[in-house]
Visitor: 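I'd like to ask some things about the structure below.
Keep in mind that this is a model prediction, so the values were computed, not measured.
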Amino acid sequence: MVALDDGQFGDSLRTQRQTAGLTQRELAVRAGVSVRAVRYWENGHINTPRMASRQLIQRVLDGAPPRACDRVRIGVLGPLVVHGRSRELGLLRPKAAALFALVAIQPNNEVSRDEIVDVLWDGRPPSSHVRLIRGHGDAVRRMLGPTVDLVSVGRGGYRLRVERDQIDVLEFTALAGRAAAAYSMGDVTRAFELYAASLACWRGSPLVGFDRRLRDHPATVALTARYRAAESVLSSRTVVGMQYSGSTPPTLPA
């Protein structure tokens, strides 16, 4: 446990952080606080954090697993949403939100710094872009909390490391893939059920409200193409005499 005595808090925090093998940045991201705050606490510029921040730090240093209620679910197939972090998402600056959208539309894939620069600044970044990207990445990590990892990769790139049940993109692609496999094996009934389930993941056009560089991104275009393919198969149900009784899928712009 971190000692809560005002005079020893900073030293105890530094010792336990180093024992846990965490950098100041890693501790800050996992606890959802700023790097500057951790630095100030350890250096004695601020005696002790508020109780809420102290509890977040304590959970990280104690190695406690995230609570079930801390898990988030990310929605990309429509307006960008983060269930469980709606307020935090709304507080992101536009470019931090764009960075999050960019990694979320291609989860578990590496997104290079060059790609980030193209999307955030249309290929014409300011001289401070490396520092700005790092700051936006830290903001996204704090917004997401401890159950989803935004991992630094390569030279200034990122990967959103996430499970299938935490983001609609992975749920959709998994269901659509299973549907295609069932269809190719002649199990039309099962294929239609799976295609219908895959379309239910959608709430509208991906990343509504973002710049066209995100809405026309190759990953967004590929997902939309898979949606239309699934929709096309479902529309053929009358040809084979089947009745699709699922909810009407969203209509995407042509």
Visitor: Got a second to check how far Glu163's CD is from Asn108's CG, nearest 0.5 Å?
Guide: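 Here the interatomic distance stands at 7.5 Å.
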Visitor: So, for Ala104 and Ile167, which heavy atoms are closest and what is the spacing to 0.1 Å?
Guide: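 Taking Ala104 first and Ile167 second, the nearest heavy atoms are O-CD1, 3.3 Å.
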Visitor: Measuring from His129:NE2 to Arg134:CZ, what's the distance to the nearest 0.5 Å?
Guide: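 Atom-to-atom, His129:NE2 and Arg134:CZ are 11.0 Å apart.
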Visitor: Step by step, work out the side chain to side chain contact (heavy atoms under 4.5 Å, CB included) result for Lys95 and Trp121.
Guide: CA-CA 9 Å; Lys95 284 198 167 17; Trp121 292 285; 3.1 Å; yes
Visitor: Main chain of Phe210, side chain of Arg215: is a donor-acceptor contact present, judged purely on distance under 3.5 Å?
Guide: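 The answer is yes, because a donor-acceptor pair under 3.5 Å joins these two groups.
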Visitor: Shortest non-hydrogen contact from Leu132 to Pro126?
Guide: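 Closest approach of Leu132 to Pro126: CD1-CG, 3.7 Å.
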Visitor: How many angstroms lie between CG in Leu199 and CG in Leu77, if you round to the nearest 0.5 Å?
Guide: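 With rounding to 0.5 Å, CG (Leu199) is 10.5 Å from CG (Leu77).
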Visitor: Tell me which one of Asp216, Ile105, Leu102 satisfies side-chain contact (heavy atoms from CB on, under 4.5 Å) with Leu207.
Guide: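 By the side-chain contact (heavy atoms from CB on, under 4.5 Å) criterion, Leu207 pairs with just one of Asp216, Ile105, Leu102: Ile105.
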Visitor: If you define the side chain from C-beta out and look only at heavy atoms, does anything of His83 sit under 4.5 Å from Ile74?
Guide: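 Sidechains of Ile74 and His83: no contact.
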Visitor: So how far is it from Met143 CE to Leu89 CG, rounded to the nearest 0.5 Å?
Guide: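 One finds 5.0 Å between CE of Met143 and CG of Leu89.
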Visitor: Output yes when a side-chain donor or acceptor of Arg213 lies under 3.5 Å from a complementary backbone atom of Val119, and no otherwise.
Guide: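 Checking the backbone N and O of Val119 against the side chain of Arg213, a donor-acceptor pair under 3.5 Å is found.
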Visitor: State the CG-CZ distance between Asp187 and Arg178, to the nearest 0.5 angstrom.
Guide: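 These two atoms lie 11.5 Å from each other.
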Visitor: Ser12 vs Glu42, test: side chain to side chain contact (heavy atoms under 4.5 Å, CB included). Steps then yes/no.
Guide: CA-CA 8 Å; Ser12 181; Glu42 290 192 358; over 6 Å; no
Visitor: Donor-acceptor pair, distance only, cut-off 3.5 Å: does the side chain of Gln16 make one with the backbone of Leu13?
Guide: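 No; zero donor-acceptor contacts below 3.5 Å.
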Visitor: Answer with yes or no whether the hydrophobic clustering places Leu99 together with Val81; edges join I, L, V, M, F, W, Y residues whose side-chain heavy atoms lie under 4.5 Å apart.
Guide: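 No, no single cluster joins them.
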Visitor: Locate the shortest heavy-atom distance separating Leu194 from Ala182; write the atom from each residue and the value.
Guide: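 Looks like CD1-CB, 4.5 Å.
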Visitor: Which heavy atom of Val76 sits nearest a heavy atom of Leu80, and at what distance?
Guide: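 Distance-wise, the nearest heavy atoms are CG2-CD1, 4.1 Å.
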Visitor: Within the side chain of Thr224, is there an N or O that forms a donor-acceptor pair under 3.5 Å with the backbone of Ser205?
Guide: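 A pair under 3.5 Å: no.
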Visitor: Compare all side-chain heavy atoms of Arg161 with those of Val148 and state whether any distance is below 4.5 angstrom.
Guide: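 SC-SC contact between Arg161 and Val148 ruled out.
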Visitor: Are Tyr158 and Leu160 linked, directly or through other ILVMFWY residues, by side chains that come within less than 4.5 angstrom of each other?
Guide: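 Cluster IDs for Tyr158 and Leu160 match.
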Visitor: Is there a chain of hydrophobic side chains (I, L, V, M, F, W, Y, each step under 4.5 Å between heavy atoms) that links Phe192 to Leu175?
Guide: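 Phe192 does not cluster with Leu175.
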Visitor: Within a strict 4.5 Å, meaning less than it, do heavy atoms of the Ile116 and Val103 side chains meet?
Guide: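 In short, these two side chains do not touch, never coming nearer than 4.5 Å.
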Visitor: Ignoring hydrogens and angles, state whether a donor on the side chain of Gln106 or Glu115 is under 3.5 Å from an acceptor on the partner side chain.
Guide: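 Distance-only check passes for Gln106 and Glu115.
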Visitor: Determine whether a donor-acceptor pair (N or O, by modelled atom type, separation under 3.5 Å) exists between the side chain of Asn109 and the backbone of Arg159.
Guide: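 Flag not set: sc Asn109 to bb Arg159 has no pair under 3.5 Å.
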Visitor: Judged by atom type as modelled, is there a donor-acceptor pair below 3.5 Å linking the side chain of Ser232 to the main-chain atoms of Arg228?
Guide: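 No: the side chain of Ser232 does not pair with the backbone of Arg228.
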Visitor: Rounded to the nearest 0.5 Å, how far apart are CZ of Arg73 and CG of Asp168?
Guide: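 The distance works out to 6.0 Å.
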Visitor: Taking Pro79's backbone N and O only, do any of them form a donor-acceptor pair with Arg203's side chain (distance below 3.5 Å, no angle check)?
Guide: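 Yes, because the side chain of Arg203 sits within donor-acceptor range (under 3.5 Å) of the backbone of Pro79.
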Visitor: Closest approach of Leu120 and His136, non-hydrogen atoms and distance?
Guide: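 Closest pair (atom of Leu120, atom of His136, distance): CD2-CD2, 4.1 Å.
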Visitor: State plainly whether one hydrophobic cluster holds both Leu170 and Val82, where clusters connect Ile, Leu, Val, Met, Phe, Trp and Tyr through side-chain heavy atoms under 4.5 angstrom apart.
Guide: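 Looking at the clustering, Val82 is in the same group as Leu170.
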Visitor: I need the minimum non-hydrogen distance between Phe172 and Tyr227, along with the two atoms involved.
Guide: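 Closest pair (atom of Phe172, atom of Tyr227, distance): CZ-N, 3.7 Å.
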Visitor: Mark yes or no for whether Arg164, through its side chain, and Glu171, through its backbone, hold a donor-acceptor pair below 3.5 Å.
Guide: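 No, Arg164 side chain to Glu171 backbone: no donor-acceptor pair under 3.5 Å.
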